Visitor: 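This is the structure, below, for whatever I ask next.
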Amino acid sequence: MGEEKGNCHLDVYIDRYELHQNNIITTYYEGFQNAATQKRYEKINAVLADGYLYKIMEHLSEVNFTEFSSENKALLKQLVNGITSEVGRALVGVTFLQLTIKSITPDQSIRLHKGTTRKGSFSWVDGISMRTIDSTYSTPFLREQGLLNVNKFGVFMTRSLAENYPYSKLYKAEMRGPFSEWIDIVDAIEEERMPALLGLYYLMALLKNKSEIFNSMADKAVALVAKYPDKTFENISVLMKNFFNGTEYSARAFEIVLHGFMQAMSESNMIGELELVPISQMRSANKKHGNIGDIELKDGRVIVESWDAKYGKTYLRDELEELRDKILISPGVKIAGFVVDSKVDRRRDIIKRAEEISMETGVDIQLFSFDEWIKYQTRNIAGGELNKIAGRWLAAVVESFSQRRPEIAPIDEPCEAWVKDLIYCLTK
């Protein structure tokens, strides 16, 4: 029996299924699990029993998503955004399970969700009991961590996930929710276009930032901004320094504080006709990703002003060379430089090299401390206007970390610790 869907069809025989997709034929045999599959299944259970998912969560904030493609990010975001009060959670849960399985055992097919050595039950030779793994490990973890509110007995209580067909575009069960996004992710994982471990980290980060616990904390932080009594510019500047110096992963927090300041400047109509570029992902300000710096202003499509945040690094000789390379392939830049959290190292070789690059490229190269950069950006603004900017700056930073500004501040890393520290700064 064949069912056509573009160049994709599924042939079903007495003892096997043949999936024809992208001019590749993959055969899945019915029958008891073979020895290799049993070993993979044992490994998956042993690794999960040893706290695998908790270890992933523990290191989540350290992960660099730069090498995770924009296509893969978009697929997982669309999947998570497909969750409503009625539908979508089971598909997100099974995706989480499939990424987990594939990250532990890359050779295990995640299309084959049934496998056993018992008589009387349907099984694929290369299949595993996803339902058992999910109900024992995946779903309890998701529920315990507040990442996804699914049935306590597991996502396979949604019976449409249990049909005796491989998960593919030809899977004919009636599905509610982001089915096409889910199958596209399954294809991407199986075809090795989506690295499973990085995908698992990314999906976990998305769920963490969308969880009820996080949203409740974010609501509290945003409400505190509205009530904050002293929104003078000087006070907000001090608050920001206390925050990025005291929080986890200060380097990324520093970038977002600077970007939040430029959001406030833009909202206050203080950057003229220029447009602020949305903040780039962590550690992606390099030639490969087309960024010059962490904070960029553009005139049309041309970047004319760029600043790179450098927390904990004041000697910028190597950074100047990297900046020169970026400027040479980015005509149109008029001013560029670095902002450090403390005093800039201005020894003779640094200043001389900055001047040489400026002469060579025609770009005004600046090296600023945090306070110097703020002063430079507000040099033509009167005191009364500064206080208005301060209030907008505080709101921009808190709302960015609270995932309330996804267009201008699409922050993929888990933000819970940052929001918690912002609440501390706003209430002490």
Side-chain angles (χ1 to χ4, degrees), residues 60-61 63-66 68 70 73-74 76-78 80-81 202 205-211 214-215 217-226 228 236-237 239-240 243-244 247-271 274-286 289-298 303 305-309 311 339 341 370 373-374 377 389-423 425-426:
L60 186 56
S61 298
V63 179
N64 180 2
F65 292 119
T66 301
F68 198 56
S70 57
K73 289 179 180 178
L76 290 172
K77 284 182 179 178
Q78 290 163 9
V80 172
N81 290 338
Y202 193 77
L206 290 177
L207 293 175
K208 193 171 180 65
N209 285 341
K210 199 177 178 70
S211 71
F214 175 79
N215 283 329
M217 187 181 298
D219 286 343
K220 180 179 180 180
V222 171
L224 286 170
V225 170
Y228 195 70
I236 297 304
S237 294
L239 184 150
M240 293 299 175
F243 165 65
F244 64 66
T247 195
E248 296 181 4
Y249 304 103
S250 292
R252 180 59 165 164
F254 186 53
E255 293 174 12
I256 297 168
V257 166
L258 296 182
H259 196 274
F261 174 80
M262 293 310 296
Q263 290 179 45
M265 290 284 283
S266 177
E267 292 167 9
S268 303
N269 300 313
M270 294 297 177
I271 60 173
L274 301 181
E275 180 184 351
L276 177 64
V277 177
I279 193 166
S280 59
Q281 299 309 319
M282 182 169 61
R283 293 188 284 266
S284 66
N286 53 44
H289 290 81
N291 303 111
I292 304 172
D294 302 307
I295 297 93
E296 299 175 327
L297 300 177
K298 64 181 181 179
I303 302 298
E305 183 174 335
S306 172
W307 302 96
D308 219 9
Y311 186 89
V339 186
D341 57 297
F370 174 76
W373 184 74
I374 295 294
Q377 295 291 351
I389 292 172
R392 292 180 178 133
W393 183 13
L394 179 61
V397 169
V398 172
E399 290 172 13
S400 293
F401 282 114
S402 298
Q403 300 283 304
R404 304 299 164 86
R405 298 189 173 206
E407 297 300 322
I408 194 67
I411 303 170
D412 288 335
E413 309 94 280
C415 293
E416 183 177 332
W418 285 320
V419 173
K420 187 179 296 184
D421 288 338
L422 281 168
I423 289 173
C425 290
L426 290 165

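Note that these values count all heavy atoms, side chains included, but never hydrogens, waters or copies made by symmetry. In this text the structure is predicted, and so the values were computed from the model without any measurement.
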Visitor: Can you find a heavy atom in the side chain of Glu416 that is under 4.5 Å from one in the side chain of Pro414?
Guide: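 When only atoms from C-beta onward are counted, Pro414 and Glu416 do not touch, as no gap falls below 4.5 Å.
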
Visitor: Please check this pair: side chain of Trp418 against backbone of Glu248, looking for a donor-acceptor N/O pair closer than 3.5 Å.
Guide: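 At least one qualifying donor-acceptor pair exists.
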
Visitor: Check whether any side-chain heavy atom of Pro278 lies under 4.5 Å from a side-chain heavy atom of Pro410, and answer yes or no.
Guide: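 The answer is yes, as the side chains (C-beta and beyond) meet within the 4.5 Å cut-off.
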
Visitor: Consider only side-chain N and O atoms of Ser400 and Gln263, and report whether a donor and an acceptor are under 3.5 Å apart.
Guide: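 The answer is yes; a qualifying pair exists.
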
Visitor: So, do Tyr202 and Leu206 sit near enough that their side-chain heavy atoms are less than 4.5 Å apart?
Guide: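 With C-beta onward as the side chain, the pair touches.
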
Visitor: Under a 3.5 Å distance rule, please check whether Ser266 uses its side chain to pair with a backbone N or O of Met262 as donor and acceptor.
Guide: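 No, the answer is negative, given that no donor and acceptor are paired below the 3.5 Å cut-off.
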
Visitor: With rounding to the nearest 0.5 angstrom, report the CG to CZ distance, Asp341 to Phe254.
Guide: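 Result: 5.5 Å between the selected atoms.
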
Visitor: Give the C-alpha distance, both sets of side-chain angles, the deciding distance and a yes or no for side chain to side chain contact (heavy atoms under 4.5 Å, CB included) between Ile408 and Ile279.
Guide: CA-CA 6 Å; Ile408 194 67; Ile279 193 166; over 6 Å; no

Visitor: Please check this pair: side chain of His259 against backbone of Ile295, looking for a donor-acceptor N/O pair closer than 3.5 Å.
Guide: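 A pair under 3.5 Å: no.
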
Visitor: Working to the nearest 0.5 angstrom, can you tell me the gap between Glu296 CD and Asp308 CG?
Guide: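 With rounding to 0.5 Å, CD (Glu296) is 8.5 Å from CG (Asp308).
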
Visitor: Are any of the side-chain heavy atoms of Arg404 and Asp219 separated by less than 4.5 Å?
Guide: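 Yes, side chains in contact.
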
Visitor: Quick check: closest heavy atoms across Ser268 and Ile389, and the distance to 0.1 Å?
Guide: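 Minimum heavy-atom contact is OG-CG1, 3.5 Å.
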
Visitor: Does the separation of the ring centres of Phe243 and Phe401 fall below 6.0 angstrom?
Guide: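 Under 6.0 Å, so yes.
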
Visitor: Quick one: does Asn209's side chain have a donor or acceptor within less than 3.5 Å of a partner on Phe214's backbone?
Guide: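 Side chain of Asn209 to backbone of Phe214, a donor-acceptor pair under 3.5 Å: no, none is there.
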
Visitor: Quick one: does Glu399's side chain have a donor or acceptor within less than 3.5 Å of a partner on Ala396's backbone?
Guide: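 No, the answer is negative, given that no donor and acceptor are paired below the 3.5 Å cut-off.
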
Visitor: Side-chain contact, heavy-atom cut-off 4.5 Å: Trp307 with Gln377?
Guide: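 The answer is yes; the side chains approach within 4.5 Å.
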
Visitor: How close do Gly260 and Val397 get, heavy atom to heavy atom, and via which atoms?
Guide: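 In this case the closest contact between Gly260 and Val397 is CA-CG2, 4.1 Å.
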
Visitor: Taking all non-hydrogen atoms of both residues into account, name the closest pair between Thr247 and Ala253 and its distance.
Guide: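 In this case the closest contact between Thr247 and Ala253 is CG2-CB, 3.6 Å.
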
Visitor: Stepwise, does the side chain to side chain contact (heavy atoms under 4.5 Å, CB included) test hold for Met240 with Leu394?
Guide: CA-CA 8 Å; Met240 293 299 175; Leu394 179 61; 4.1 Å; yes

Visitor: Taking atom CD of Gln403 and atom NZ of Lys210, what is their separation to the nearest 0.5 Å?
Guide: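 Between Gln403 CD and Lys210 NZ, I get 10.0 Å after rounding to 0.5 Å.
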
Visitor: For side chain to side chain contact (heavy atoms under 4.5 Å, CB included), just list the numbers for Val419 and Val398, CA-CA rounded to whole Å, side-chain angles, deciding distance to a tenth of an Å, and then say yes or no.
Guide: CA-CA 7 Å; Val419 173; Val398 172; over 6 Å; no

Visitor: Give me the atom names and distance for the closest heavy-atom approach of Ser306 to Gly293.
Guide: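 Heavy atoms only, the tightest pair is OG-N, 3.1 Å.
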
Visitor: So, taking the atom named NZ in Lys298 and the one named CD1 in Ile271, what distance separates them when rounded to the nearest 0.5 Å?
Guide: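 The CD1 atom of Ile271 is 11.5 Å from NZ of Lys298, to the nearest 0.5 Å.
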
Visitor: One thing to verify: whether Asp294 and Arg252 come together as a salt bridge, which I'm taking to mean a side-chain N less than 4.0 angstrom from a carboxylate O.
Guide: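 No, no charged N to carboxylate O under 4.0 Å.
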
Visitor: Applying side chain to side chain donor-acceptor pair (under 3.5 Å), can you list everything that pairs with Trp393, at least two apart in sequence or on another chain?
Guide: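 Residues passing side chain to side chain donor-acceptor pair (under 3.5 Å) with Trp393: none at all.
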
Visitor: How many angstroms lie between atom CZ of Phe244 and atom SG of Cys425, to the nearest 0.5 angstrom?
Guide: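 It comes to 11.0 Å.
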
Visitor: Determine the sole option in Ile292, Leu297, Ile303 for which the side-chain contact (heavy atoms from CB on, under 4.5 Å) test with Val277 is passed.
Guide: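 The option that passes is Ile303.
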
Visitor: Please report the interatomic distance OG(Ser280) to CG(Asn291), rounded to the nearest 0.5 Å.
Guide: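 Nearest 0.5 Å value for the OG-CG distance: 4.5 Å.
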
Visitor: When you look at Phe370 and Phe261, which way does the ring-ring contact (aromatic ring centres under 6.0 Å, His included) test go after all the steps?
Guide: CA-CA 11 Å; Phe370 174 76; Phe261 174 80; 8.3 Å; no

